[in-house]
Undergrad: 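One structure coming up, written as structure tokens, with questions to follow.
Start at 1 and go down the list; that is how both ligands and their atoms are numbered.
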Amino acid sequence: MSGTSRRRLLKGLVASSLPWIGVPGARAQLPPLLPIPALLDATRGGDVHLKAQPGQVELAPGVASATAGYNGPYLGPTLRVRRGSEAGVTVHNALAEATTVHWHGLLIPSQVDGGPHNEIAPGSTWRVRLPVGQAAATAWYHAHPHGATGPQVYSGLAGMLVVTDDEEQALRLPSRYGENDLPLILQDRVIDRAGRMVYPRNPMAVMHGVVGNVMLVNGVREPQARVGAGLVRLRLLNAANASTFTLAFTDGRPMHWIGTDGGLLRAPVALRRITLAPAQRGEVLVDFSDGREAALAATDSVRSVPVVRFAVSGKGEPARIPPRLAEWKTPAREPSLRRRELTLTTGVAPMMGRTGHGGHGAHGIDGAPFDMKRIDQQVKLGDVEVWRIATRPSAMMDQPHPFHIHGVLFEVLSRGGKPPGPEDQGRLDTVLVDEPVELLAQFTQPAPKMPFMYHCHILEHEDHGMMGQFTVA
Ligand code: C2O
Ligand code: CU
Ligand code: CU
């Protein structure tokens, strides 16, 4: 088989399978209510507290799975911060192993970014002040320890982080948290025959990342959300280890796309489906004023599997969507801008049984696996640069990689050598790379000594070497 036809076949297989349709283990009779993570308001001064701790949850009735969470057994509270104020956070590590907490999507100095260099030993506490200077956005936080990000995030160490500001508040978008402003944390997980959540550690998982057979929303399977008849804002977060999700309403109702990783779009875009790669966020407004029940489903070309259902109370007036959202300046693309080219490379080592985590170098960037002691790039503080990211498929694997850069937001300049389509608009911190993409980024956050990371956000790829680091000074 030629390289291209194999590639096409593999892609075809991946594209037509929603693996979590298998749903092992008996389901509860009634759909569970959508759990809403507690809101931790860090906009008022004073510290908020996170405690990383072990826990247990039941994903099949009567069967406990070992998990971890912040201030609870699985996932964590939603942290709310505000542009122009400093958020104080303490993180206590009550786990039996080292962890870190990375503020994914926050533009803050590397010193407090929570990457693998900010290790929190078991039993100790990390106190940080996060200077929030960016526009309103949906970000998130998650564990990021060297070589063990995959298993820790999988076990539940993640939560949502909401940035607000005056401009966003002036738009009067739905903002009643848990009522008409809903966090939806999407994760696929592997449930074994006994109904237990397990983290597969095998060559396939290292090769392709961990792909689940059930879908969890805010930690539960196929929940139901109760909403009023009106406009509802969904903050969608793909917190999966490896899976890309395409979401659509089963009745075909439009979603008004208003925000990406880095904040609001300039104007809303009506969509029937939205695709989110691992780590990406999407904010959408959905009009439930017809009072009809609806279901948001994960779809592909063949079928669609409900992930969350909406029970709507009352009947309302068709909602008004603001025509304009945010303003921001895209830096000019000048020919003199510094260019960097990175190639994400996949290795064959996992197929040969070298599956231990941490620096085994199954994967890499430009052929080199991640090394905590090696600085891969040095960027000048304040510079605008063009980064071209490509992938080099191996004989055994060809899959798109969600590429993420810490400490920066970027815009897509081109994809496959052509101008980007509408789905690539907005300010991003993570982009799905299949054909080469060119990114335009301005580096505003200092990282003079402790570096920032860039990596594939398929967490098993990251843990096995597809990561690099850069200083900004
Ligand atoms: Cu969301 Cu370096 O990670
Ligand atoms: Cu990040
Ligand atoms: Cu990858």
Side-chain angles (χ1 to χ4, degrees), residues 14 99-110 112-118 130 134 137-150 152-154 157-161 185 187 204-211 237-244 261-262 276-281 342-347 350 361-366 369-370 372 389-394 396-410 427-434 437 441 445 447 450-470:
V14 171
T99 190
T100 80
V101 180
H102 168 51
W103 321 102
H104 181 131
L106 281 197
L107 299 176
I108 48 179
S110 67
V112 291
D113 183 53
H117 294 274
N118 286 122
L130 309 174
Q134 70 198 90
T138 300
W140 62 305
Y141 62 95
H142 63 78
H144 207 314
H146 179 48
T149 298
Q152 285 201 6
V153 172
Y154 189 91
L157 293 170
M160 196 171 269
L161 202 163
I185 303 173
Q187 303 172 302
M204 282 311 274
V206 175
M207 204 63 170
H208 299 289
V210 169
V211 174
L237 159 62
N238 182 345
N241 277 39
S243 297
T244 292
D261 299 342
L276 295 174
Q280 284 188 320
R281 288 84 68 204
L342 305 177
T343 304
L344 312 179
T345 49
T346 49
H363 305 302
I365 295 184
D366 298 324
F370 176 65
M372 281 279 265
I389 317 298
T391 67
R392 192 171 69 219
S394 73
M396 272 180 278
M397 184 177 83
D398 177 19
Q399 77 190 105
H401 300 271
F403 181 75
H404 169 53
I405 313 177
H406 288 215
V408 74
L409 294 175
F410 51 77
R427 298 164 284 185
L428 304 176
D429 57 49
T430 306
V431 64
L432 199 59
V433 184
D434 189 346
V437 295
Q445 300 303 312
M450 189 183 282
F452 280 130
M453 306 290 131
Y454 53 80
H455 57 91
C456 176
H457 222 287
I458 290 177
L459 300 180
E460 289 70 31
H461 290 179
E462 173 194 329
D463 281 344
H464 289 84
M466 203 180 286
M467 178 153 75
Q469 46 188 4
F470 65 104

Undergrad: Would you say His144 has an N, O or S atom lying under 2.8 Å from atom 2 (Cu) of ligand 1?
TA: yes

Undergrad: Would you say His406 reaches atom 2 (Cu) of ligand 1 with an N/O/S atom under 2.8 Å?
TA: yes

Undergrad: Give the atom name of whichever N/O/S atom in His102 sits closest to the Cu ion (ligand 2).
TA: NE2

Undergrad: Indicate the ring-plane relationship of His404 and His455, choosing parallel, tilted or perpendicular according to the 30° and 60° boundaries.
TA: perpendicular

Undergrad: Should Arg281 and Asp429 count as an ion pair when the cut-off is N to O under 4.0 Å?
TA: yes

Undergrad: May I ask you to check whether His455 brings an N, O or S atom to under 2.8 Å from atom 2 (Cu) of ligand 1?
TA: yes

Undergrad: Got an N, O or S from Cys456 under 2.8 Å of the Cu ion (ligand 3)?
TA: yes

Undergrad: For the atom pair CE (Met453) and CG (Asp113), what is the distance rounded to the nearest 0.5 Å?
TA: 8.0 Å

Undergrad: Between Glu462 and His457, is any side-chain donor less than 3.5 angstrom from a side-chain acceptor?
TA: no

Undergrad: Assess the side chains of Gln152 and His142: does a donor N or O sit below 3.5 Å from an acceptor N or O?
TA: no

Undergrad: Specify whether an N/O/S atom of His144 falls short of 2.8 Å from the Cu ion (ligand 2).
TA: no

Undergrad: Establish, from distance only, whether the side-chain atoms of His144 and His406 form a donor-acceptor pair under 3.5 Å.
TA: yes

Undergrad: What atom name does the N, O or S atom of His461 nearest to the Cu ion (ligand 3) carry?
TA: ND1

Undergrad: N/O/S of His401 less than 2.8 Å from the Cu ion (ligand 3)?
TA: yes

